[in-house]
Amino acid sequence: ATSAFAEDVTLEMWNKDPNDKSRRMIFSQEIVTIDAGDSVTWLATDKGHNVQFIGGPAGAKLPEKSKLNKDVTITFDTPGVYVYVCTPHATMGMIGVVVVGEATPKAIDQAADAKVRGKSKKKLEELLATL
């Protein structure tokens, strides 16, 4: 898993990792750690992708699903662990995690409850195990 820590992070949505052609249907960074109030921008580098949040902190309003082929920027104000997928490629393992603040055991448990299927199920377990 690749991760980043910054005030504002930019990720790309890829059909293939330009540095590792065996990695397909992925986000350029699978885990991002930010502080509350920071933003993440997803760039529709390759066509056919979007961002849909499927899990997050209890009580937090999850961001709206983005449109296919469109860049999207989301600011996160509520601390916790957020789980998102590319809707068309969710079963292929196109999944990512945004950690806002600290990844507490409670926040990780809540994120593990996200409804995932296909290859994303195993990949989410692997990503959360690294937090």
Side-chain angles (χ1 to χ4, degrees):
T2 54
S3 62
F5 184 86
E7 289 180 9
D8 295 298
V9 177
T10 300
L11 307 177
E12 295 182 73
M13 298 181 262
W14 290 335
N15 293 337
K16 283 188 274 191
D17 182 333
N19 302 310
D20 181 355
K21 303 291 188 220
S22 69
R23 298 181 63 219
R24 297 174 177 273
M25 302 304 168
I26 59 166
F27 296 99
S28 59
Q29 296 169 349
E30 297 168 319
I31 301 172
V32 175
T33 302
I34 60 174
D35 290 321
D38 292 347
S39 299
V40 178
T41 299
W42 286 265
L43 300 178
T45 306
D46 293 330
K47 294 210 180 301
H49 303 293
N50 74 340
V51 176
Q52 178 183 8
F53 282 82
I54 58 171
K61 184 179 184 308
L62 296 179
E64 303 256 335
K65 177 169 66 171
S66 72
K67 296 190 181 326
L68 284 177
N69 309 320
K70 298 290 182 189
D71 297 348
V72 62
T73 299
I74 298 171
T75 301
F76 295 85
D77 296 318
T78 304
V81 178
Y82 295 78
V83 179
Y84 65 93
V85 296
C86 168
T87 311
H89 304 110
T91 59
M92 297 175 74
M94 193 165 180
I95 189 168
V97 173
V98 176
V99 179
V100 181
E102 187 181 342
T104 64
K106 180 180 177 183
I108 293 168
D109 286 347
Q110 288 174 344
D113 289 339
K115 301 289 183 243
V116 292
R117 47 192 175 43
K119 291 181 181 176
S120 288
K121 193 167 193 162
K122 182 177 183 216
K123 191 164 182 186
L124 178 60
E125 290 172 6
E126 292 169 358
L127 293 176
L128 295 178
T130 68
L131 298 181

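Along the sequence shown, residues are numbered consecutively beginning with 1. On a predicted model such as this, the values are computed, not experimentally measured, just so you know.
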Under the side chain to side chain donor-acceptor pair (under 3.5 Å) test, residues paired with Asn15 that sit two or more places apart: His49
Nearest 0.5 angstrom please: Met13 CE to Leu68 CG, how far? 9.0 Å
Smallest separation among heavy atoms of Ser120 and Gly93, with atom names: OG-CA, 3.3 Å
Heavy-atom side-chain proximity of Gln110 to Pro57 below 4.5 angstrom: yes
Not counting sequence neighbours, list each pair that qualifies as a salt bridge (Lys or Arg N to Asp or Glu O under 4.0 Å) and has a residue in residues 107-123. Glu30-Lys123, Lys122-Glu126
Which heavy-atom pair separates Thr33 from Gly101 by the least distance, and what is that distance? CG2-O, 4.0 Å
So which heavy atom on Phe76 is nearest to which on Ile34, and how close? CD1-CD1, 3.6 Å
Does the side chain of Leu62 come within less than 4.5 Å of Tyr84's, by heavy atoms? no
Apply side-chain contact (heavy atoms from CB on, under 4.5 Å) to the pair Val9 and Asp38, showing each step before the final yes or no. CA-CA 8 Å; Val9 177; Asp38 292 347; over 6 Å; no
Rounded at 0.5 Å granularity, tell me how far OG1 in Thr130 sits from CD1 in Ile31. 3.0 Å
So side chain to side chain donor-acceptor pair (under 3.5 Å) across residues 52-73, not counting sequence neighbours, yields Thr41-Thr73, Gln52-Thr87
Residues two or more places apart in sequence or in another chain: which of them pass side chain to side chain donor-acceptor pair (under 3.5 Å) with Asp20? Ser22
Hey, any chance Val72 and Leu43 share a hydrophobic cluster, counting ILVMFWY side chains that come within less than 4.5 Å of each other, even indirectly? no
Residues which pass side-chain contact (heavy atoms from CB on, under 4.5 Å) with Ala103, listed by chain and number, not counting sequence neighbours: Val81, Val99, Ile108, Leu131
Through direct or indirect side-chain contacts below 4.5 angstrom among Ile, Leu, Val, Met, Phe, Trp and Tyr, which residues connect to Ile26? Trp14
I'd like to know whether NZ of Lys47 has more than 12 heavy-atom contacts from other residues, nucleotides or ligands below 6.0 angstrom. no
For the student: nearest non-hydrogen atoms of Phe53 and Val51, plus distance: CE1-CG1, 3.6 Å
Between Gly80 and Ala107, which heavy-atom pair has the shortest distance, and what is it? CA-CB, 4.3 Å
Rounded at 0.5 Å granularity, tell me how far CD1 in Ile74 sits from CH2 in Trp42. 4.5 Å
Any side-chain heavy-atom pair of Asp77 and Thr75 under 4.5 Å: yes
Given side chains that start at C-beta, do those of Thr78 and Val100 come closer than 4.5 Å, heavy atoms only? no
Between Ser28 and Leu11, the two heavy atoms sitting closest are OG-CA, 3.4 Å
List in chain and number order the residues that pass side chain to side chain donor-acceptor pair (under 3.5 Å) with Tyr82, two or more places apart in sequence or in another chain; answer none if no residue qualifies. none
Determine, stepwise, if the pair Leu124 / Val97 fulfils side-chain contact (heavy atoms from CB on, under 4.5 Å). CA-CA 8 Å; Leu124 178 60; Val97 173; 4.2 Å; yes
Nearest 0.5 angstrom please: His89 NE2 to Met94 CE, how far? 7.0 Å
Residues passing the side chain to side chain donor-acceptor pair (under 3.5 Å) test with Thr45, sequence neighbours excluded, are Glu12
